[in-house]
> 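Quick one: the structure is below, and I'll ask about it shortly.
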Amino acid sequence: GVVRVTDAALAAAGTTVPDGDIVRLSVTMRDKEVPAVVRSLPRGSADGRFEILFLGQFPRGEKTWEDEYTSTNVYVVSVAAPGAQPKRIVVERLRYLAAPAAPRVSSPHHQHFETNAKLVRFSGRSMPAEPWFWAEIRATDAEPTKIVVAVRDVTDQPATLKARLMGYSQLPANPDHTVDVKLNGRPLGQAVWDGELAHEFVAELPAGVLAEGDNLLTFHAHGEKTDGIDVVLLDWVEVSYQRRHSLAAEGQVVVQAEPQTVVRVEGAGDKPVLLWDADGTRALEVQPRGGAVEFVVPGSPGPGLALQHELRAVRADGALVPRGVVVSQPVDLRAAGQG
């Protein structure tokens with residue numbers, strides 16, 4: 001999401017940016033420059049003289065949802081050389097729109113749930129891309145395996161649930177694995193497959209099945225065709241649903257709509273809302289009215305089916321705070337005495 005770093009946070013970490021260097025502040029991640037908004041704050045602000053806003057990402061793996069080696073991306077704020085022009089995002093202002101027709105108030109939302117809690121070794125030749133899994137589902141367990149998936153701003157529309165399961169036990173009988181899947185006590189069907197292979201269970205959820213807040217998902221293995229032996233590993237769960245455009249809970253929400261579509265976002269407060277393009281290279285500003293913003297999605301619809309445009313709406317106080325801000329003290333590892 002969109003991250004905010006303030007002059008005061010940098011000062012608290014132990015560094016002060018001279019007034020003349022503010023225009024040359026640059027943000028990089030792994031030596032690649034990241035476009036940023038750098039703008040002045042009102043005189044006397046508790047956050048200092050300026051703020052830096054940019055679109056932050058968590059580290060991904062080559063074949064996994066999360067990087068296998070780190071949970072942190074490090075963004076570096078530095079002063080570019082004299083004459084350099086750091087990548088800047090100039091915020092464009094949109095006028096408030098009183099929509100003549102009913103605006104779009106929700107967008108498709110895909111939420112991924114994954115907890116890498118168990119390291120599992122495989123003996124077969126076909127190794128999974130990732131050896132970390134969420135939980136074991138065993139036919140010998142008296143109770144089903146339970147996990148909770150929390151979703152917000154759910155609309156009364158159909159949804160889809162996916163779960164990636166991995167077969168662990170392997171016996172001559174076929175199929176090795178039969179798993180009952182339920183959501184909030186409602187049967188969604190069975191996942192049935194054979195061998196030490198991955199299986200993606202997909203269930204369509206009628207309107208009203210996916211609840212606001214916590215949803216209880218249960219997995220129960222049978223083992224009736226394998227003498228009571230059935231061991232399955234849960235990798236991840238994904239839920240796709242129509243999510244209301246609301247900034248009330250989290251301060252940021254992703255909007256997807258065709259260009260020239262009128263969109264409404266609730267929970268905006270009374271200060272300007274920033275709309276960020278999905279790639280973090282452009283930002284628009286719109287003033288709310290009555291705690292909501294209405295705007296036209298920028299761009300021109302192309303021939304045939306119009307392409308979806310993705311914007312991230314960010315409330316004035318909704319930007320993320322970095323996990324930490326520290327002053328970098330580079331060390332010359334080749335210098336004498338470094339070993």
Side-chain angles (χ1 to χ4, degrees), residues 1-59 70-94 247-254 265 267-288 291 293 295 311-332:
V2 174
V3 179
R4 181 176 186 254
V5 180
T6 65
D7 175 33
L10 297 178
T15 187
T16 300
V17 181
D19 289 342
D21 288 346
I22 295 174
V23 296
R24 292 190 285 120
L25 284 174
S26 171
V27 180
T28 58
M29 199 275 285
R30 296 184 183 177
D31 293 329
K32 184 177 181 180
E33 193 168 9
V34 178
V37 172
V38 179
R39 58 185 181 182
S40 299
L41 295 174
R43 184 180 295 274
S45 170
D47 291 326
R49 297 163 295 161
F50 62 87
E51 64 180 358
I52 305 170
L53 299 165
F54 61 91
L55 183 63
Q57 306 285 346
F58 73 84
T70 180
S71 61
T72 305
N73 268 341
V74 177
Y75 288 81
V76 179
V77 177
S78 58
V79 178
Q85 294 183 336
K87 288 188 176 181
R88 285 285 186 269
I89 299 173
V90 178
V91 178
E92 306 170 43
R93 292 186 178 180
L94 290 178
L247 297 168
E250 298 175 359
Q252 300 189 24
V253 68
V254 174
V265 180
D270 58 359
K271 296 182 179 179
V273 170
L274 287 182
L275 308 171
W276 288 70
D277 266 334
D279 61 0
T281 60
R282 185 187 185 196
L284 310 170
E285 185 180 76
V286 59
Q287 182 69 38
V293 292
F295 57 92
L311 295 169
R312 178 179 291 270
V314 184
R315 197 175 55 212
D317 60 350
L320 302 176
V321 177
R323 182 177 298 177
V325 179
V326 297
V327 177
S328 175
Q329 303 288 358
V331 174
D332 182 2

> Are Y75 and T28 close enough, and set up right, to give a side-chain contact (heavy atoms from CB on, under 4.5 Å), and what steps lead you there?
CA-CA 6 Å; Y75 288 81; T28 58; over 6 Å; no
> Output, in order, the C-alpha distance, side-chain angles, deciding distance and verdict of side-chain contact (heavy atoms from CB on, under 4.5 Å) for L10 and F50.
CA-CA 10 Å; L10 297 178; F50 62 87; 4.0 Å; yes
> Any ion pair linking K87 and E33 (charged N to carboxylate O, less than 4.0 Å)?
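No salt bridge links E33 with K87.
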> Apply side-chain contact (heavy atoms from CB on, under 4.5 Å) to the pair R312 and V314, showing each step before the final yes or no.
CA-CA 6 Å; R312 178 179 291 270; V314 184; 4.1 Å; yes
> Would you say R24's side chain and A80's backbone share a donor-acceptor pair under 3.5 angstrom?
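Flag set: sc R24 to bb A80 pair under 3.5 Å.
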> In the structure I gave you, are the side-chain heavy atoms of T72 and R323 within less than 4.5 Å of one another anywhere?
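The answer is yes; the side chains approach within 4.5 Å.
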> Decide side-chain contact (heavy atoms from CB on, under 4.5 Å) for R88 and L25; before the verdict, give the C-alpha distance in whole Å, the side-chain angles of both, and the deciding distance to 0.1 Å.
CA-CA 10 Å; R88 285 285 186 269; L25 284 174; 4.0 Å; yes
> If I compare all heavy atoms of A313 with all of V273, which pair ends up nearest, and what's the gap?
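Looks like CB-CG1, 4.2 Å.
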> When you measure from the side chain of D277 to the backbone of D279, do you find a donor-acceptor pair of N or O atoms at a distance under 3.5 Å?
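Side chain of D277 to backbone of D279, a donor-acceptor pair under 3.5 Å: no, none is there.
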> Between V27 and A36, what is the shortest heavy-atom contact and its length?
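Minimum heavy-atom contact is CG2-CB, 4.0 Å.
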> Closer than 3.5 angstrom, by distance alone: can the side chain of N73 be matched with the main-chain N or O of Q57 as a donor-acceptor pair?
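Side chain of N73 to backbone of Q57: a pair is present.
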> Please check this pair: side chain of T6 against backbone of A9, looking for a donor-acceptor N/O pair closer than 3.5 Å.
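Present.
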> Report yes if the side chains of Q85 and S26 come closer than 4.5 Å at any heavy-atom pair, otherwise no.
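No. Closest side-chain heavy atoms not under 4.5 Å.
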> Short question: side chain of E250, backbone of G318 - any donor-acceptor pair under 3.5 Å?
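Between the backbone of G318 and the side chain of E250 there is no qualifying donor-acceptor contact (under 3.5 Å).
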> As an exercise, state the distance from CZ of F54 to CG of L320, rounded to the nearest 0.5 Å.
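So the gap between those two atoms works out to 9.5 Å.
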> Go through the structure and list residues passing side-chain contact (heavy atoms from CB on, under 4.5 Å) with V37, not counting sequence neighbours.
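In terms of side-chain contact (heavy atoms from CB on, under 4.5 Å), with neighbours along the sequence ignored, V37 is linked to R39, L53, I89, V91, W276.
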> Closest heavy-atom contact between A268 and R315?
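The pair with the smallest heavy-atom distance is O-CG, 3.4 Å.
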> Would you say L94 and L275 make side-chain contact, with heavy atoms under 4.5 Å?
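Counting from C-beta outward, L94 and L275 do come under 4.5 Å.
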> Quick check: closest heavy atoms across A278 and L55, and the distance to 0.1 Å?
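Scanning both residues completely, I find the closest heavy atoms to be O-CD2, 3.3 Å.
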> Quick one: does any side-chain atom of Q252 pair with a main-chain N or O of V2 as donor and acceptor, under 3.5 Å?
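The answer is yes, because a donor-acceptor pair under 3.5 Å joins these two groups.
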> If you measure from the Lys or Arg side-chain nitrogens to the Asp or Glu carboxylate oxygens, is any gap between E92 and R282 under 4.0 Å?
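The answer is yes: the pair qualifies as a salt bridge.
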> If you measure from CG on D21 to OG on S78, what distance do you get to the nearest 0.5 Å?
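The distance works out to 10.5 Å.
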> Taking only residues at least two apart or on different chains, which pairs with a member in residues 1-18 satisfy salt bridge (Lys or Arg N to Asp or Glu O under 4.0 Å)?
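Qualifying pairs: R4-D47, R4-E51, D7-R49.
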> What pair of heavy atoms forms the shortest contact from V5 to P322, and how long is it?
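Answer, listing the atom of V5 first, then P322: CG2-CG, 3.7 Å.
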> Closest heavy-atom contact between D270 and Q287?
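Scanning both residues, the minimum pair turns out to be O-NE2, 3.2 Å.
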> Can you measure from CG (L274) to CG (L311) and round to the nearest 0.5 angstrom?
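These two atoms lie 11.5 Å from each other.
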